[in-house]
Number of protein chains: 2
Amino acid sequence: MEVKEFLITDPSIQRSAEIAKALGHPARIAILKILAQRTNCFCGDITEILPLAQSTVSQHLKALKSAGLISGTVEGVKTCYCLNPDGVRELQTVLSELSSELFKTCC
Amino acid sequence: MEVKEFLITDPSIQRSAEIAKALGHPARIAILKILAQRTNCFCGDITEILPLAQSTVSQHLKALKSAGLISGTVEGVKTCYCLNPDGVRELQTVLSELSSELFKTCC
DNA sequence: TTTATTAATCGTATTTTTACGATGAATCAA
DNA sequence: TTGATTCATCGTAAAAATACGATTAATAAA
């Protein structure tokens, strides 16, 4: 059966899942919203806002960065985090395509 | 500091993360796409398409159902799964609001 | 230089996720 | 009734995610 293994290993599905997974934790969505409001900020700024330890925030930032949704630039002792426009565009494209594909049939 | 605990426990962020988490695995996205194409199908149909055991598929279906994205109706021996229009609408709303919020600042 | 600050990483513990085979309950067909 | 089918659930194992404190490396300030 050729269909087997087809859907799950499809790169576009993999990428969609990767992006969705990055959004799949309240702390990471909160971080993205903070970055959207303040344009850029340091790890410490986010740690002050969220009720999480610095190392935990750093881990979430790493996850968002490796999913391509944010960028981090070292500025001296600090690291400046920003939304990554390419990543956000991809997020928008991928998720809107998915939801309209689902929407078409069921709504 | 009042801002602490505010963002993460915000119900709308929690819900967004819950929906995103449900989409955060290739198998579950694949299942949603299958349901979008075939309108409805049984657990066995999906198990035939995906390279996963029946019990694993059943678990993914349960996850999608508890996130409100699909419905499952027992029809005799089988269970008929469909996209849940309300859930899909919510998915579309929540994710498009999020991505446009991010998009506004960064793109 | 010495000290302080910032953030990444390490080590670790706990929980959750993912996957499978086996079992069981419910229904249908013979 | 008996046997077959379907799918949820159980038990379990392995991997990944989540969180924290402690440490380290890099830079800035004293």
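In what follows, chains are A, B, ... by sequence order, proteins preceding strands, each numbered from 1. Just so it is clear, the model here is predicted, and its values are computed rather than measured.
As rounded to whole Å, 15 Å separates atom P of dA8(C) from atom CG of Leu52(A). Distance CD1 (Ile46(B)) to C1' (dT6(D)): 13 Å, rounded to an integer number of Å. Rounded to whole Å, the distance from CD on Glu75(B) to P on dA26(C) is 18 Å.
Among residues two or more places apart in sequence or in another chain, the side chain to side chain donor-acceptor pair (under 3.5 Å) test is passed with Glu101(B) by Lys33(A). Residues satisfying the side chain to side chain donor-acceptor pair (under 3.5 Å) test with Ser12(B), not counting sequence neighbours, are Asp10(B). Annotation: side chain to side chain donor-acceptor pair (under 3.5 Å) contacts of Asp86(A) (sequence neighbours excluded): Arg89(A).
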Worksheet item: Going through the distances and angles, do Ser99(A) and Leu95(B) end up as a side-chain contact (heavy atoms from CB on, under 4.5 Å)?
Response: CA-CA 9 Å; Ser99(A) 60; Leu95(B) 295 184; 5.9 Å; no
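Residue pairs satisfying the side chain to side chain donor-acceptor pair (under 3.5 Å) criterion with at least one member in residues 14-27 of chain A, sequence neighbours excluded, are listed as follows: Arg15(A)-Glu18(A), Arg15(A)-Glu90(A).
Across Cys41(A) and Leu35(A), no two heavy atoms sit closer than the pair SG-CD2, 3.5 Å. Closest heavy-atom contact between Leu64(B) and Ala22(B): CD2-O, 3.9 Å. Of all non-hydrogen atoms in Ala17(A) and Pro26(B), the two that sit nearest each other are CB-N, 3.5 Å.
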Could you run down the sub-3.5 Å N/O contacts of the protein with nucleotides 7-13 of chain D?
{"residue": "dC7(D)", "atom": "OP1", "partner": "Cys43(B)", "partner atom": "N", "Å": "3.2"}
{"residue": "dC7(D)", "atom": "OP2", "partner": "Gly44(B)", "partner atom": "N", "Å": "2.8"}
{"residue": "dA8(D)", "atom": "OP1", "partner": "Tyr81(B)", "partner atom": "OH", "Å": "2.2"}
{"residue": "dA8(D)", "atom": "OP2", "partner": "Ser58(B)", "partner atom": "OG", "Å": "2.6"}
{"residue": "dA8(D)", "atom": "N7", "partner": "Gln54(B)", "partner atom": "NE2", "Å": "3.0"}
{"residue": "dA8(D)", "atom": "N6", "partner": "Gln54(B)", "partner atom": "OE1", "Å": "3.2"}

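Contact check, His60(B) against dT17(C): no side-chain N or O comes under 4.0 Å of OP1 or OP2.
Within residues 19-31 of chain B, the residues approaching DNA chain C are Lys21(B), His25(B), Arg28(B), by heavy-atom distance under 4.0 Å.
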